[in-house]
Amino acid sequence: MRVILRNQGRELELAGRRRVKELLAELGVLPETVLVIRGRELLTADELVREDDVIELRPVISGGCR
Amino acid sequence: MKCKKCGGRAVLELRRHNTAFCADDFLGFFRSQVLETVRRWKMFTREDSVLVAVSGGKDSLALWDVLLEAGFRTAGLYIDLGIFDYSRESKARCQSFAAERGARLIVVAVADAVGAAIPAVKDVTRRPTCSACGLSKRYIMNRAALDHGFGVVATGHNLDDEAATLLGSTLRWDDSALARQTPVLEATHPKLVRRVKPLFRLSERETAAYAFLHGIDYVVEECPFARGATSITHKEILNRLEDASPGVKATFLVNYLERARPLFQTREQVDLRECGRCGQTTTGEVCAFCKLADQVRRATGAPARPALEPTDPAPLRGLISDLHAASEIHSA
């Protein structure tokens, strides 16, 4: 699968399928800090992502002066 | 995972509420949370004119969207910070958002108000960039609301913003900042407009999900000057705690507001007067924003910005428990 790490400007290619929570744990990403997006849908932690999926991890943290 | 409301496929799990929602039910949940907060905290009513400060990001556009859909009388205020492509893109998002909904958008450039855009201001002040930017934004928000006749300014501060601010103030035991932290900053002077934060009970992930699911085109990229900001470190720490103990961020903030804040609210006597230069409120002779503008002018040779006629130079003595002069509050 292709994983797009938005704002870091990089992408990863990962082999095999896994659940979203496993993917996030593997990448060291806290679930509270991202939206997990496949196409036009959001995925919950128990969703299975397949080898041919393109997944965007979109950060939700804003910073600096608010 | 199934939606706890309709049994359909869930798109978002909210561990702190021990629930999950499909897209439609989450959008409904989000709207009701915002409107309930506005009502319960008496932020404003349908009779008020509300100026919504929008940055082009997920929070402020989600807030404006909910208020527009609920039929509140609102206009947007976009403050152009002049931060390269980031500002160009965020301004374009706000303009498109407003045009698509037939809503009014007021645009004010920091460069016009302070004499230079934020990248130049950053170079001439000893303040951290985010501090100078925040000072400018709070000043412009208040002044624009007064100039255009709005009784309330609403900002998109969310649960994570507020919990991070609270953590920062607590780590410093900054009792003055702790006393001021509230989702409703009352107008304690005729030249101050009340400022409210209707999203303070909703997390950043929830506002991002609302924006995404509702098709709001927002700027995902962060301000280039925010990298390494302390507030982001505080948010990361709080998110680690949240991961281990869902709900801890909301408990930290809400219990503070309900139980601990009254202990910090000292009813101090403050001489609140109008700045001799611009007429906005200050505790001194000249407000912090005008001092910043002076620094910019000295460093860049920019022309002095037109001063407002001070309306009533007599100082107003009053008991102020939770708000100092709007232009001099250095924390959100």
Side-chain angles (χ1 to χ4, degrees), chain A, chain B residues 1 9-13 15-16 20 23 26 55 57-59 128-138 155-158 160-162 164-165 203-209 211-213 215 220-233 235-236 238-240 242-243 246 249 332:
Chain A
M1 76 188 70
R2 187 151 62 96
V3 181
I4 302 166
L5 297 155
R6 186 81 178 255
N7 281 15
Q8 291 184 22
R10 64 189 182 108
E11 297 184 5
L12 301 171
E13 286 289 344
L14 299 174
R17 59 180 199 165
R18 68 241 312 141
R19 302 219 175 264
V20 166
K21 60 185 167 193
E22 293 162 350
L23 172 66
L24 296 179
E26 203 173 323
L27 298 176
V29 175
L30 290 174
E32 187 73 8
T33 63
V34 289
L35 293 181
V36 183
I37 300 168
R38 180 173 59 195
R40 300 182 63 164
E41 59 179 5
L42 294 182
L43 301 181
T44 52
D46 63 335
E47 288 272 2
L48 196 63
V49 286
R50 297 177 297 272
E51 178 123 23
D52 58 349
D53 280 338
V54 177
I55 304 296
E56 178 188 344
L57 301 186
R58 182 180 296 187
V60 300
I61 296 183
S62 307
C65 153
R66 301 277 294 136
Chain B
M1 197 174 294
R9 178 179 159 268
V11 299
L12 198 70
E13 181 184 16
R15 290 177 66 211
R16 71 188 172 105
F26 173 71
S55 64
K58 62 190 189 311
D59 305 300
T129 310
C130 295
S131 167
C133 186
L135 166 66
S136 303
K137 286 200 284 196
R138 287 187 290 277
T155 61
H157 291 89
N158 57 46
D160 295 71
D161 296 323
E162 294 300 286
T165 298
S203 74
E204 286 199 298
R205 187 159 166 270
E206 289 159 13
T207 62
F212 178 83
L213 293 169
V220 177
E221 287 70 29
E222 265 310 303
C223 172
F225 294 128
R227 288 182 199 125
T230 310
S231 60
I232 292 183
T233 305
K235 285 183 177 183
E236 288 168 354
L238 286 165
N239 279 329
R240 290 196 181 284
E242 182 78 17
D243 191 54
K249 279 188 291 197

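Note that the coordinates shown come from a computational prediction; the quantities given were computed from them, not determined experimentally.
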* Does any heavy atom of chain A fall under 4.5 Å from the side chain of B:Asp243, the backbone, both, or neither of them? -> side chain
* chain A contact via B:Glu221 - side chain, backbone, both or neither, heavy atoms under 4.5 Å -> both
* Asked: Taking NZ, NE, NH1 and NH2 as the nitrogens, is one of them in B:Lys58 or B:Glu204 under 4.0 Å from a carboxylate oxygen of the other?
  -> yes
* Heavy-atom pairs under 4.5 Å with chain A are the metric here; pick the option from B:Cys223, B:Ala209, B:Ala132 that has the most. => B:Ala209
* Determine whether B:Arg205 and B:Leu12 make a side-chain contact, defined as any pair of heavy atoms from C-beta on separated by less than 4.5 Å. => yes
* Asked: With only heavy atoms counted, which part of A:Leu35 is less than 4.5 Å from chain B, the side chain, the backbone, both or neither?
  -> side chain
* B:Phe26 side chain near B:Glu206 side chain, heavy-atom distance below 4.5 Å -> yes
* Identify which part of A:Val36 has an atom lying under 4.5 Å from any heavy atom of chain B, answering side chain, backbone, both or neither. => neither
* Where does A:Leu30 contact chain B at under 4.5 Å (heavy atoms): side chain, backbone, both or neither? -> side chain
* Asked: Does the side chain of A:Arg6 come within less than 4.5 Å of A:Pro59's, by heavy atoms?
  -> yes
* A:Glu32 and B:Arg16 ion-paired at < 4.0 Å -> no
* Side chain, backbone, both or neither: which part of B:Ser203 has a non-hydrogen atom closer than 4.5 Å to chain A? -> side chain
* Under a 4.5 Å cut-off applied to non-hydrogen side-chain atoms, are A:Ile55 and A:Val20 in contact? -> no
* Structure fact -> Answer key: most heavy-atom pairs under 4.5 Å with chain A among B:Met1, B:Glu236, B:Glu13, B:Arg240 is B:Met1
